[in-house]
**Q** 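Structure provided below as structure tokens; questions to follow.
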2 protein chains.
Amino acid sequence: MARAEKKARSCPVHAFQKLVSGKYKLRIVWDLQSCPRRYGDIRRGLLVGQDGTKEIAARVLSRELKALCDAGILERKDYGELPLRVEYSLTLSGRSLLPVIESMHNWGFKHLV
Amino acid sequence: MARAEKKARSCPVHAFQKLVSGKYKLRIVWDLQSCPRRYGDIRRGLLVGQDGTKEIAARVLSRELKALCDAGILERKDYGELPLRVEYSLTLSGRSLLPVIESMHNWGFKHLV
DNA sequence: CAGCATCCTGCGTGATACTG
DNA sequence: CAGTATCACGCAGGATGCTG
């Protein structure tokens with residue numbers, strides 16, 4: 001199921017880190033846990049900086065989404081409608097990532113923030 | 001317990017990601033789980049690339065270690081001996097990080113590697 | 001041995017404009 | 001609306017040499 005590059009003997013932690021590298025990948029997955037979302041919804045609302053962060057650049061979001069799709073974490077569904085409508089949702093593999101992110105979330109909530 | 005910058009309303013996941021940003025921080029913590037280690041031990045053996053990765057640059061390792069110390073994850077103990085001898089160990093806060101890293105490790109081991 | 005000081009390079013991120 | 005095309009830039013990461 002689409003595991004990109006299976007580096008021979010590399011460290012799992014490092015491999016994981018590389019997979020979710022980038023400022024937004026983890027947050028995207030986390031934000032999709034309850035339901036699929038459209039491109040614009042992910043962009044606005046979810047990633048707009050509550051803490052002063054700027055809105056994510058379209059180009060960046062595109063790349064992160066594409067990377068996640070290529071990694072088999074997300075699925076992209078194009079409805080072929082007009083105006084354009086594309087929805088992103090978690091795959092099974094993506095869902096399996098949620099507990100991991102949750103542990104990060106909880107730790108961060110306790111020790112940081 | 002040294003929490004650096006407590007960004008007001010920032011996302012815990014993102015805060016966590018920032019804290020452990022860098023290629024080696026997580027692996028360093030992970031490698032220190034069983035016992036304290038010396039600077040050189042961390043550098044050699046542990047971080048030398050089993051998968052072809054080069055040895056970490058001294059400057060980089062220094063920075064990562066310092067950042068982890070500043071974050072209250074690691075503790076630095078200088079024995080004041082000659083030849084120089086410095087040991088790094090996990091603090092309580094650092095230990096609390098282990099389950100989180102473990103979940104990443106397990107996921108990575110299952111889905112990547 | 002455990003690091004700093006310097007210099008250098010690539011890539012991740014971002015801003016702006018444009019398109020089907 | 002959901003992107004792609006360009007251009008620009010800071011900084012993490014690396015290489016080399018030096019020191020107490």
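We name chains A, B, ... by the order of the sequence lines, and we start the count at 1 in each one. Quick caveat: nothing in here was measured; it's all calculated off a predicted structure.
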**Q** Using a 4.0 Å heavy-atom cut-off, does A/Glu64 contact any base of the nucleic acid, only the sugar-phosphate backbone, or nothing at all?
**A** sugar-phosphate
**Q** Starting at CD of A/Gln17 and ending at C1' of D/dG13, how long is that distance when rounded to a whole Å?
**A**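 A/Gln17 atom CD is separated from D/dG13 atom C1' by 13 Å.
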**Q** Given atom CD1 of B/Ile56 and atom P of D/dA12, what is their separation to the nearest angstrom?
**A** 14 Å
**Q** Within this structure, what is the CD-to-C1' distance between B/Glu81 and D/dG20, rounded to whole angstrom?
**A** 16 Å
**Q** Got B/Tyr79 and B/Leu84 here, is their nearest side-chain heavy-atom distance under 4.5 Å?
**A** no
**Q** Whole Å only: how far is the NZ atom of A/Lys77 from the C1' atom of D/dA2?
**A** 17 Å
**Q** Decide if atom CD of B/Glu87 counts as having more than 12 heavy atoms of other residues, nucleotides or ligands within a radius under 6.0 Å.
**A**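 Result for CD/B/Glu87: enclosed.
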**Q** Just by distance, do the side chain of B/Arg85 and the backbone of B/Lys77 share a donor-acceptor pair under 3.5 Å?
**A**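 Not a single qualifying donor-acceptor pair exists.
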**Q** Kindly give the atom pairs (protein nitrogen or oxygen, nucleotide nitrogen or oxygen) under 3.5 Å for nucleotides 1-11 of chain C.
**A**
residue, atom, partner, partner atom, Å
C/dC1, O3', B/Arg38, NH2, 3.3
C/dC1, O3', B/Leu84, O, 3.1
C/dA2, OP1, B/Arg38, NE, 2.9
C/dA2, OP1, B/Arg38, NH2, 3.1
C/dA2, OP2, B/Gly40, N, 3.0
C/dG3, OP1, B/Arg76, NH1, 2.3
C/dG3, OP2, B/Tyr88, OH, 2.6
C/dT6, O4, B/Arg59, NE, 3.4

**Q** Round to the nearest Å and state the distance from B/Glu55 atom CD to D/dG14 atom P.
**A**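 Whole-Å distance recorded here is 11 Å.
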**Q** Rounded off to whole Å, could you give me the CG-to-P distance for the A/Asp78 and D/dT4 pair?
**A** 12 Å
**Q** Is it true that A/Lys25 and A/Glu64 have a side-chain N and a carboxylate O under 4.0 angstrom from each other?
**A**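 Yes, charged N to carboxylate O under 4.0 Å.
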**Q** Would you kindly compare A/Leu82 and A/Ala57 by the position of their nearest DNA chain C nucleotide and give the one closer to the 5′ end?
**A** A/Ala57
**Q** Rounded to the Å, how far apart are A/Leu61 CG and D/dT4 P?
**A** 10 Å
**Q** Side chains of A/Val100 and A/Phe16, heavy atoms from C-beta outward: is any pair under 4.5 Å?
**A** yes
**Q** Hey, can you tell me if B/Tyr39 and B/Tyr88 have their rings parallel, tilted or perpendicular (30° and 60° cut-offs)?
**A**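 Tilted.
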